[in-house]
Protein chains: 2
Amino acid sequence: MNVTINDVAKAAGVSTSTVSRVISDSPRISEETKQRVRKVIKELNYHPNAIARSLANKSSKTIGLILNTEAETLVRNPFFIQAMTGISQYAQENSYNVMFAYNKSEDGDLDIAVRYVNSRSVDGIILFTSRTNDKCIGFLTRNNFPFSVIGRPDQTEGVLWVDNDNFKATNQVTNYLIMKGHSRISFLGGPQDHNVSRDRWEGYKKAMTVHGYSIDKSITFQDGSFSEEFGSECMLNMISAKEKGTPLPTAIVTSDDMQALGVLKAMRKMNVSGIAVTGFNNVPISLYQNESFTSVDVNASKLGFFAAKLLIGKIEGRKNLPTHYIVPTNLVEVKPFY
Amino acid sequence: MNVTINDVAKAAGVSTSTVSRVISDSPRISEETKQRVRKVIKELNYHPNAIARSLANKSSKTIGLILNTEAETLVRNPFFIQAMTGISQYAQENSYNVMFAYNKSEDGDLDIAVRYVNSRSVDGIILFTSRTNDKCIGFLTRNNFPFSVIGRPDQTEGVLWVDNDNFKATNQVTNYLIMKGHSRISFLGGPQDHNVSRDRWEGYKKAMTVHGYSIDKSITFQDGSFSEEFGSECMLNMISAKEKGTPLPTAIVTSDDMQALGVLKAMRKMNVSGIAVTGFNNVPISLYQNESFTSVDVNASKLGFFAAKLLIGKIEGRKNLPTHYIVPTNLVEVKPFY
DNA sequence: TAATTTTATGCAACCGCTTACACAACACTA
DNA sequence: TAGTGTTGTGTAAGCGGTTGCATAAAATTA
């Protein structure tokens, strides 16, 4: 039905191997023959069949992407789609395709990984998860299947990963607040089974102790979810603690913009103001506020880009490759509503 | 390296064709043999190679997705990622893979489509674009390549598409405002080269005329972009027109939540209040406001789901399939900040 | 019991491309 | 001039499956 390498070979009066070699620009073919074959290829509008090529090369030139996140998060946090654009960009630059599968169920990601690996439809996988003891990582490692992870995993031994320096990020943002004159600074952390949560906590702690400020347990919260609810809850908590004599913080370092939004909503609700809030991800919250709000932009598309770079480097067996990339973050002052 | 159908055949003492038939559960194989072969398959942990299968079947069992949207839009509007989850869901239920490629450049989508089609790495394509005279649609149609479109295209002849009833949506939301007592209602439209813009305009117009309300040209705006800027611009425009005697509307029907946000920001800036605003897409804007704000949820994941359904139906040559689906919308009252 | 049909399986070609190896033609060396 | 090396191209065997056709064995019919 479609024009194949055979048709080209016949039309050009050469063998298929010659055509194949012309396509890959092999030095073993004379310039003359190359010209002739290329002309026929143009005329017949021939394009190699990617699947046949994959079979012969034992390589699909495709990377798989597994999204195993709550739809809610996917929708509110542009992180994922941004990372995906970065992945797609690097993949295209290197003639790779990108497959993705979304599955929100627990262990759904593992099922997909198993399918990808067994059917050999992808050459490697990019994981978004970075939970401690991730099952996918275990599975892929055991099967010696190329993969890279967005978010530093628990066990980095033999794993390719990209991440921000989360320690540095909260350290920086805390220092920034301190520089602005704050000393009583609250902290809201993320789930304890994410490394990112521990790093962010340490970064905050370091900045505080270096400046000689105490860490008040009553205004630091850990093992929370990256959600609005958790943010509101913590803020309300602090507001009610105030009545029992615990003064409110003058600034709050949160681990996610959703948390920050929750904090701001609770502040608004309880008519509290004048507290500087910081978050992560530069989510387009666009809220009307006269509060000071700063977000750490994690540069998600770069994270995706480098995750793809690491993975494809591994697939192609390139030598002397880094095992990870640290993508810089930058502070973004979120413009108030007016 | 990996266990193939040959290994299974040898181990089970049958031919590869028998193994193949066992896998596809052919009725021509005896129950006894099936059992035996299946046992070997388990023991050897055999999984068919998807690529070899694709080559033999001349079908990749993969659909391609082309994202050709400004990164800014992709990030702010959850529409795309939502649609993608819907597509992925239907694809998985039907054993299809999903490939995606992101390219924001003008005609980048066409390049990707050409690559997908020529290399035959996908069996069909889902387009997000619905610009009038879309080049991709033309290309795919000419090549008789299966595709479906999210967003009713200009020429529906022979095209599979899904969309909301955009006429009905703005009609409904306008009626809703009228029901609430509004009669002087402004309208902000989208780009004229999108069908959706015309439909939304007509829906608004119909509701207004049916109720005998005039359409005041000075408070209706068309051919705008789906952006905050356009929203602000129109609002500022109306505010300054007020000084020249044109009264402000009491409600504004916009074609996008970003436009609505722009309107709200401009109102805030100019200290105008008490105008009901509506938008589209149920974007998580989370703004602090005491204004009334209603969004039309377009049910993006359903749109994706049905686009995949139409496409896969076409690919598999199913008969008596619909040529399009209309996905219902629903009004969402966006909760104010408190 | 022989003829016919049904059932279960194997053979081999094919999907479209890559590549190790063979080999002819020519150029160079001794 | 025979021997050796280089260059350009073809042959054929894969890659890992699917499937039309042939066929042997078993079941059915007359």
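A note on names: the letters A, B, ... follow the listed sequences, proteins ahead of strands, and every chain is numbered from 1.
Rounded to whole angstrom, the span from the CZ atom of B:Arg53 across to the P atom of D:dC15 amounts to 19 Å. Between the CG atom of A:Asp25 and the P atom of D:dG8 there is a distance of 13 Å, given to the nearest Å. Rounding to whole angstrom units, NE2 of residue A:His47 and C1' of C:dC17 are separated by 16 Å. Rounded to whole angstrom, the span from the NZ atom of A:Lys61 across to the C1' atom of C:dT18 amounts to 15 Å. Rounded to an integer number of Å, the gap from CD1 of A:Ile23 to P of C:dG16 is 14 Å. Between A:Asn6 atom CG and C:dC17 atom P the separation is 8 Å, expressed in whole Å. One can place CG of A:Asp7 at 13 Å from C1' of C:dC17, the figure rounded to the nearest angstrom. The distance between atom CG of A:Asn49 and atom P of C:dC14, rounded to the nearest whole Å, is 17 Å.
An OP1 or OP2 oxygen of D:dG10 is reached within less than 4.0 angstrom by a side-chain nitrogen or oxygen of A:Ser15. One finds no side-chain N or O of A:Lys58 lying less than 4.0 angstrom from the OP1 or OP2 phosphate oxygen of D:dG14. Taking 4.0 angstrom as the limit, B:Ser54 places none of its side-chain polar atoms (N or O) nearer than this to OP1 or OP2 of D:dG17.
On a pure distance criterion of 3.5 Å, a polar donor-acceptor pair joins the side chain of A:Arg21 and the base of D:dG10.
Comparing B:Glu31 and B:Arg120 along DNA chain C, the residue whose closest nucleotide (by nearest heavy atom) sits nearer the 5' end is B:Glu31. Nearest-nucleotide assignment on DNA chain D puts the 5′-proximal partner with B:Leu55, out of B:Arg28 and B:Leu55. For A:Thr16 and B:Pro27, each mapped to the nucleotide of DNA chain C holding its nearest heavy atom, the one lying further toward the 5' end belongs to B:Pro27.
Closest contact between the side chain of B:Ile5 and the listed nucleotides C:dG10, D:dG17, C:dT9 involves D:dG17. Each of D:dA12, D:dG17, C:dT9 was ranked by its minimum atom distance to the side chain of A:Ser17; first place goes to D:dA12. Listed nucleotides C:dT9, C:dC17, D:dG16 differ in distance to A:Ala56; the shortest reach to its side chain belongs to C:dC17.
Across all strands, A:Val19 comes closer than 4.0 Å to no nucleic acid atom at all (heavy-atom distances). Residue B:Thr18 is in sugar-phosphate contact alone, with no base atom involved, counting any heavy-atom pair closer than 4.0 Å across all strands shown. When heavy atoms are screened at a 4.0 angstrom cut-off, A:Thr33 is found touching the sugar-phosphate backbone but no base atom. If you check every strand for non-hydrogen atoms under 4.0 Å, A:Ser20 touches a base.
Residue B:Leu303 holds its CG atom at 11.0 Å from CH2 of B:Trp161, rounded to the nearest 0.5 Å. Between the CZ atom of A:Arg152 and the CG atom of A:Asp154 there is a distance of 8.0 Å, given to the nearest 0.5 Å.
One finds a salt bridge joining A:Arg38 and A:Asp25 here, because a Lys/Arg side-chain nitrogen approaches an Asp/Glu carboxylate oxygen to under 4.0 Å. The existence of a salt bridge linking B:Glu43 and B:Lys39 is confirmed by a sub-4.0 Å separation between a basic side-chain nitrogen and an acidic carboxylate oxygen.
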Please evaluate residues A:Ser88 and A:Gln92 with respect to the criterion side chain to side chain donor-acceptor pair (under 3.5 Å), reporting the C-alpha separation (whole Å), side-chain torsions for both, the decisive distance (0.1 Å), and the verdict. CA-CA 6 Å; A:Ser88 180; A:Gln92 283 180 62; 3.0 Å; yes
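Under the 30°/60° scheme for interplanar angles, the aromatic rings of A:Phe80 and A:Phe128 are found to be tilted.
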